[in-house]
Amino acid sequence: MSYHAEIKPFGENAFLIEWSNEISDYNHTQVTATNKIIIEQFNDKIIETTPSYQSLAIYLKKNINTSLFIQKISELLNKACLSEKVYSREVHIPVCYDKEFGLDLERLSEIHNLSIKSIIAHHTKRIYPVYFIGFLPGFPYLEGLNPMISTPRKEKPRSIVRAGSVGIAGDQTGVYPLDSPGGWNIIGRSPISFFDIKKDSPSLLKARDQIKFFEISREEFDTIKREVENDSYQLKTFSKDD
Amino acid sequence: MIEVIKQGLRSSLQDEGRFGYRDQGVPLSGAMDHYAFHLGNHLLGNEKGTVVIEMMLQGPELYFTKSTYIAITGAPFEARLNGKAIPHLSRVFVPAGSNLKFKPPKYGVFGYIAVQGGIKMKPILNSLSYYPKVADDFLLSKGQKLEIKQHSKKGGSNAKVGSQLENSDKTIDVYPGPEFHLLSRENQKDLTVANFKIGLNSSRMGYEIKHTMQLQAKEIITSPVQPGTVQLTPSGNLICLMRDAQTTGGYARVFQLSENAINKISQKRNGEEIKFKICE
């Protein structure tokens with residue numbers, strides 16, 4: 001596979017690998033596969049990496065010569081054969097779309113002239129790839145919202161949106177991993193924990209996951225919430241690695 | 001033990017930062033002025049990266065139940081130990097039963113109290129740096145008791161050292177950011193010749209950089225940002241991201257500060273002038 005990426009310095013001890021200026025599955029595959037190769041091969045030279053839609057930041061240890069390292073990386077990437085298959089698992093996320101949590105559901109129903117039931121159906125039907133985690137701890141950037149329910153951000157953000165809230169902003173859907181101010185249209189809430197500092201890897205979702213939302217009742221929300229608190233909830237995940 | 005009598009203005013524990021979790025959206029955090037942070041530990045012979053207390057404009061009041069050595073660095077807070085002035089940028093003996101208070105500094109923003117051996121607490125995601133909602137334990141609170149960690153090696157330095165804080169020096173060294181070349185020629189020039197001012201809307205997350213020019217840049221596809229990234233919004237606002245910066249952002253990244261410039265700008269107050277200089 002030919003390699004269409006540009007390498008740009010990003011301060012003293014970092015650089016970016018950037019692909020074409022668009023959000024696409026192709027770019028996501030490139031970012032994810034390149035990230036994997038760099039972490040595997042240069043673990044001793046890098047502090048960490050941050051993947052995003054079409055750009056990958058590599059943060060180098062202080063004693064590493066950035067320009068020499070960049071040279072090495074470009075040689076490697078020119079030879080690398082990037083795999084097409086990037087998804088590792090499918091995660092099923094329970095969401096309660098009850099009025100109590102779906103604060104903006106009625107408004108969305110009016111805006112789109114769709115019943116609440118069909119908004120929920122559109123939201124739960126698709127599988128959303130996690131492109132990357134960014135912005136806030138554990139916040140997943142998901143792709144693939146049905147355009148029929150895409151809705152601009154609220155003009156006036158809420159001063160607090162509760163952790164677990166599921167929302168829509170423009171053509172994106174996502175969940176708030178922590179309580180936070182926010183302008184997304186909130187359509188429901190998940191009882192599971194998306195960011196847990198007690199875990200070695202605190203973010204539930206990872207860049208190579210795909211997620212599917214499924215509807216639960218208000219009673220099931222409470223049951224699952226209790227199970228999550230006792231650490232007995234079994235999240236439904238399906239491995240995609242052979 | 002160190003008991004927090006008054007917490008001051010968002011005084012917190014900070015180390016070098018929370019590395020290894022940026023791909024999970026967790027900001028780096030860590031001391032705002034790394035130069036002052038390292039200096040304090042160096043003066044005490046502490047291991048590099050030992051946690052310190054960071055104070056902002058208004059320091060805490062602390063009571064030491066045990067004797068130890070401390071070093072005050074960063075912004076020149078006037079420190080008083082049992083009512084008597086103690087020197088800045090030096091190793092100072094603190095007898096058991098001492099009370100430590102501060103008067104706000106005449107210039108600068110962040111001061112550091114390094115303690116010989118450091119503070120013993122359970123790290124959160126491998127770091128003792130405060131960050132809201134992820135590591136709240138490390139924000140100082142009234143009545144909190146901080147255990148002093150046993151110092152393993154002898155030493156420290158009685159050397160007199162200079163401060164890096166030159167109040168009058170307004171030059172901030174930067175590298176062109178990933179979107180710098182997308183700006184108009186005129187805007188590129190404006191950014192490198194004009195004088196800017198630090199705005200009121202500044203915090204550990206980012207500093208507002210005020211100006212009176214017509215600057216503009218298109219939003220970008222959400223991409224990585226780091227401490228020291230200077231963002232330009234479509235409406236012309238400039239923001240210099242600081243240690244608690246988010247990990248990705250959607251505004252044009254026009255500059256990236258040098259490591260030392262991040263330390264320097266962190267000590268600039270609301271209304272202070274700065275000037276960007278591109279280093280080659």
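What you are looking at is a predicted structure, and each value in this text was computed from that prediction instead of being measured. Throughout, protein chains are lettered first and strands after them, A, B, ... in sequence-line order, and every chain is numbered starting at 1.
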Side chains of [X] and [Y] in contact at under 4.5 Å (non-hydrogen atoms):
| X | Y | result |
| --- | --- | --- |
| A:N13 | B:E259 | yes |
| B:P178 | A:F10 | yes |
| A:K8 | B:R253 | no |
| B:Y21 | A:S201 | no |
| B:Q24 | A:P202 | yes |

Flag the one option from [options] with the top tally of heavy-atom pairs under 4.5 Å to chain A.
| options | value |
| --- | --- |
| B:I220, B:V26, B:L257 | B:V26 |
| B:T222, B:I124, B:L125 | B:T222 |
| B:T247, B:V174, B:N126 | B:T247 |

Flag yes if more than 12 heavy atoms outside [X] fall under 6.0 Å of its [atom1] atom; otherwise flag no.
| X | atom1 | result |
| --- | --- | --- |
| A:F194 | CZ | yes |
| B:E186 | CD | no |
| B:K149 | NZ | no |
| B:R10 | CZ | no |
| B:E273 | CD | yes |

Residues B:E16 and A:K62 bridged, charged N to O under 4.0 Å: no
From CG (B:D136) to CD1 (A:I197), nearest 0.5 Å: 8.5 Å
dist B:I221:CD1 -> A:Q54:CD (nearest 0.5 Å) comes out at 4.5 Å
Quick check on the structure: residues of residues 223-233 of chain B within a heavy-atom distance below 4.5 Å of chain A, by number. B:S223, B:P224, B:V225, B:Q226, B:T229
Checking B:L28 against chain A: side chain, backbone, both or neither under 4.5 Å from a heavy atom? side chain
With only heavy atoms counted, which part of B:P27 is less than 4.5 Å from chain A, the side chain, the backbone, both or neither? side chain
Any donor-acceptor pair under 3.5 Å from B:K133 side chain to A:L178 backbone: no
Are any side-chain N or O atoms of A:E12 and backbone N or O atoms of B:S258, one a donor and one an acceptor, separated by less than 3.5 Å? no
Portion of A:K199 that has a non-hydrogen atom of chain B nearer than 4.5 angstrom: backbone
Heavy-atom cut-off 4.5 Å, strictly under: side chain, backbone, both or neither for A:I23 against chain B? both
Any idea which heavy atoms bring A:P137 and B:V134 closest together, and the distance? CG-CG2, 3.7 Å
Closest heavy-atom pair and its distance - B:Y175, A:G11: CD1-CA, 4.0 Å
Could you have a look at A:L56, A:N35, A:L16 and say which one has the most heavy-atom pairs with chain B under 4.5 angstrom? A:L16
Taking every non-hydrogen pair under 4.5 Å, which of A:E48, A:E18, A:E22 racks up the most with chain B? A:E48
Identify which one of A:Y141, A:F139, A:Y53 satisfies the side chain to side chain contact (heavy atoms under 4.5 Å, CB included) criterion when paired with B:T248. A:Y141
